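Notes to accompany the following structure.
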Amino acid sequence: MTMPLELDDIQGLVTRGYRTLTSACFLVLATAGQAATARAALGRLAPRVTNGRAEPADTAVNVALTSDGLRRLGLDTPGLDGFPYEFVVGMTDPDRSRFLGDVGENAPRYWQWGGPAGPPVHVLVMLYARDERRLGQLEAETRREVLAPGAFTETVRLGTAELIGREPFGFRDGISQPLIEGLPKATAAGDRGTDGEQVVRAGEFVLGYPNEYGLLTDRPLLPLPYDPLGVLPRAPEGGADFGRNGSYLVFRQLRQHVEAFRDYLDAETRRPDGSSDPAAQEALAARMLGRWPGGAPLVRSPEHDDPALATDNGFGYHATDPDGLRCPLGAHIRRANPRDSLDPRPGSADSVAVGRRHRLLRRGRPYGPDGTADDPDARGLHFLGLNANISRQFEFIQHTWLDNPNFNGLHDGPDPIVAARQERRATFTEQGRPFRTRRLGLPQFVTVQGGAYFFLPGLKALHYLCTVVPEGERQ
């Protein structure tokens with residue numbers, strides 16, 4: 001039996017992508033003084049936070065916190081004991097950096113924000129609006145509420161480009177999203193079609209609900225004396241459930257080297273007379289991604305883009321393309337969501353079930369060029385991924401599928417578009433008969449510019465954090 005989702009207590013970013021709110025910005029904040037002052041400022045913002053009940057027509061506000069931010073606001077042990085290790089130590093922990101491929105150009109010491117040498121990151125305020133004018137009003141109102149003296153300081157403001165359904169490399173974006181059990185189809189899919197996509201249990205994204213293993217993902221529970229006012233739900237295991245209806249938000253600012261990508265496509269596809277071949281460039285880009293720029297998957301349309309398949313998501317690989325002759329085995333979308341190609345027994349329900357345990361809700365926004373970065377032409381993606389288990393979901397996908405040069409039987413081919421090139425440039429292999437094509441010396445097209453792990457609390461937990469005085473501060 002499906003547990004009903006408590007939409008009034010779940011932040012709206014989980015249940016929808018705000019596709020109609022085409023303008024957005026993100027304020028990364030640090031606490032500036034006493035915890036009580038910061039809690040009061042956050043408490044003024046909390047009533048504005050958007051829940052998951054309905055699609056907002058005008059604006060939306062969501063709030064997330066790092067583990068350091070939770071400590072600064074007074075939620076120390078035993079509260080933090082229930083959070084997973086990777087969240088507590090953070091994305092820039094040396095072991096996590098190596099695991100995620102954040103080395104070389106991607107190393108946190110080079111990041112514009114979130115790195116060990118930069119200002120602290122405690123709170124993320126995400127603002128969305130129907131247009132730039134309304135976003136400006138919302139941002140001004142928000143700043144008055146949270147940037148009060150002694151409360152918070154601004155670490156960085158991250159602007160976004162208008163949401164037009166295309167990411168900076170030119171591909172249609174936001175097609176493949178998991179359907180969340182208990183939500184209407186259009187809502188769960190970020191308002192996009194997902195014919196054939198299998199439903200994923202809510203506990204893969206929201207704490208307090210059964211996951212794909214039929215279990216409740218570990219979450220932070222507080223002793224009952226820490227919640228004397230009864231603000232938090234009571235957990236079946238006992239204690240006050242600070243984690244219920246929350247989610248973990250992975251935020252990574254990914255700079256996309258658009259000109260380098262275009263130059264590579266041009267150099268690899270020039271005609272014998274040295275002239276450019278735009279059609280061949282588009283075809284190579286599609287093979288690297290696994291979809292045509294318009295969205296059609298190569299598995300369904302290997303020779304050309306097809307507008308009728310622009311949002312097609314109900315396909316597999318095992319029966320139609322097990323050898324990668326239509327869509328290369330190392331293409332980005334085969335890595336990010338291998339569908340029915342995983343062991344055990346590729347093509348079976350067991351294979352699909354494995355994939356459902358490693359899904360993400362993607363809520364990213366493109367940015368630039370806006371003239372505010374060191375390079376005025378810089379552009380890329382603010383990647384926002386929601387999951388209930390950072391290690392099993394985001395980190396597994398990043399390390400085992402995207403960055404892995406041995407994925408899907410390959411030997412020296414990490415993800416051709418998003419993976420870091422650590423010791424040497426990578427290879428992209430296009431399977432074919434009678435011969436394959438190996439493209440050597442693949443440069444790096446995406447670098448990490450900043451990031452952090454955040455906890456996106458349920459609204460009751462956010463209210464608790466703002467209003468309940470920790471025991472250590474009581475008189």
Side-chain angles (χ1 to χ4, degrees), residues 9-11 13-14 26-46 49 61-93 96 113-114 116 119-126 146 150-153 155 206-208 217-223 225-227 229 231-233 235 239-251 384 386-391 451-474:
D9 194 39
I10 297 172
Q11 291 201 44
L13 188 66
V14 178
F26 308 120
L27 304 180
V28 181
L29 309 178
T31 58
Q34 295 295 319
T37 306
R39 284 198 302 271
L42 197 59
R44 291 191 292 273
L45 182 64
V49 174
V61 177
N62 291 124
V63 174
L65 305 98
T66 63
S67 61
D68 284 343
L70 291 170
R71 289 191 190 95
R72 292 298 186 99
L73 290 172
L75 187 72
D76 210 332
T77 54
L80 288 176
D81 291 346
F83 286 104
Y85 174 79
E86 59 272 14
F87 170 72
V88 173
V89 300
M91 187 184 291
T92 60
D93 173 78
R96 308 249 71 73
W113 64 275
V121 172
H122 296 146
V123 175
L124 173 66
V125 179
M126 295 164 279
V146 299
F152 292 98
T153 60
T155 295
V206 189
L207 298 176
T217 304
D218 291 340
R219 62 202 190 284
L221 304 177
L222 301 177
Y226 278 69
D227 184 24
L229 303 180
V231 174
L232 299 173
D241 198 339
F242 184 80
R244 185 171 181 83
N245 293 319
S247 183
Y248 294 103
L249 172 65
V250 178
F251 194 142
L384 281 77
L386 292 164
N387 49 193
N389 187 310
I390 297 172
S391 176
Y453 289 149
F454 293 90
F455 179 62
L456 189 82
L459 296 186
K460 290 179 181 176
L462 182 62
H463 177 64
Y464 170 88
L465 196 62
C466 297
T467 59
V468 177
V469 179
E471 187 160 340
E473 296 182 21
R474 296 176 198 160

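This structure is a prediction, so every number in the text was calculated from the model and none was measured. No hydrogens, no waters, no symmetry mates; every other heavy atom, side chains included, goes into these values.
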Would you mind reporting whether [Y] and [X] have side-chain heavy atoms less than 4.5 Å apart?
X    : Y    : result
P84  : D218 : no
N389 : E86  : yes
L75  : F83  : yes
F454 : M91  : no
F251 : V28  : no
T155 : L29  : no
D227 : L222 : no

Working to the nearest 0.5 Å, report the span between [atom1] of [X] and [atom2] of [Y].
X    : Y    : atom1 : atom2 : answer
F87  : Y248 : CZ    : OH    : 6.5 Å
H463 : D9   : NE2   : CG    : 11.0 Å
L462 : T467 : CG    : OG1   : 9.0 Å
Q11  : L249 : CD    : CG    : 9.5 Å
L465 : L73  : CG    : CG    : 5.0 Å
L221 : Y226 : CG    : OH    : 14.0 Å

Which heavy-atom pair separates [X] from [Y] by the least distance, and what is that distance?
X    : Y    : result
A452 : V121 : CB-CG1, 4.3 Å
A151 : A41  : CB-CB, 3.6 Å
G90  : Y453 : C-CD1, 4.0 Å
R219 : G208 : CD-N, 3.9 Å
P457 : A64  : CD-CA, 4.4 Å
C466 : G43  : SG-N, 3.6 Å

L232/D241 under side chain to side chain contact (heavy atoms under 4.5 Å, CB included): CA gap, chis, key distance, verdict: CA-CA 6 Å; L232 299 173; D241 198 339; 5.6 Å; no
Intermediate values then yes/no, side chain to side chain contact (heavy atoms under 4.5 Å, CB included), V63 and V123: CA-CA 7 Å; V63 174; V123 175; 4.1 Å; yes
N62 vs V49, side chain to side chain contact (heavy atoms under 4.5 Å, CB included): CA-CA, chis, key distance, verdict: CA-CA 5 Å; N62 291 124; V49 174; 4.1 Å; yes
Given T153, D68, T31, the one that forms side chain to side chain donor-acceptor pair (under 3.5 Å) with H122: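 With H122 as partner, T153, D68, T31 yield a single side chain to side chain donor-acceptor pair (under 3.5 Å), made by T31.
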CA sep, side-chain torsions, deciding dist, call: F26, L384, side chain to side chain contact (heavy atoms under 4.5 Å, CB included): CA-CA 11 Å; F26 308 120; L384 281 77; 4.3 Å; yes
All side chain to side chain contact (heavy atoms under 4.5 Å, CB included) counterparts of S247, not counting sequence neighbours: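 Side chain to side chain contact (heavy atoms under 4.5 Å, CB included) check on S247 returns V14, L386.
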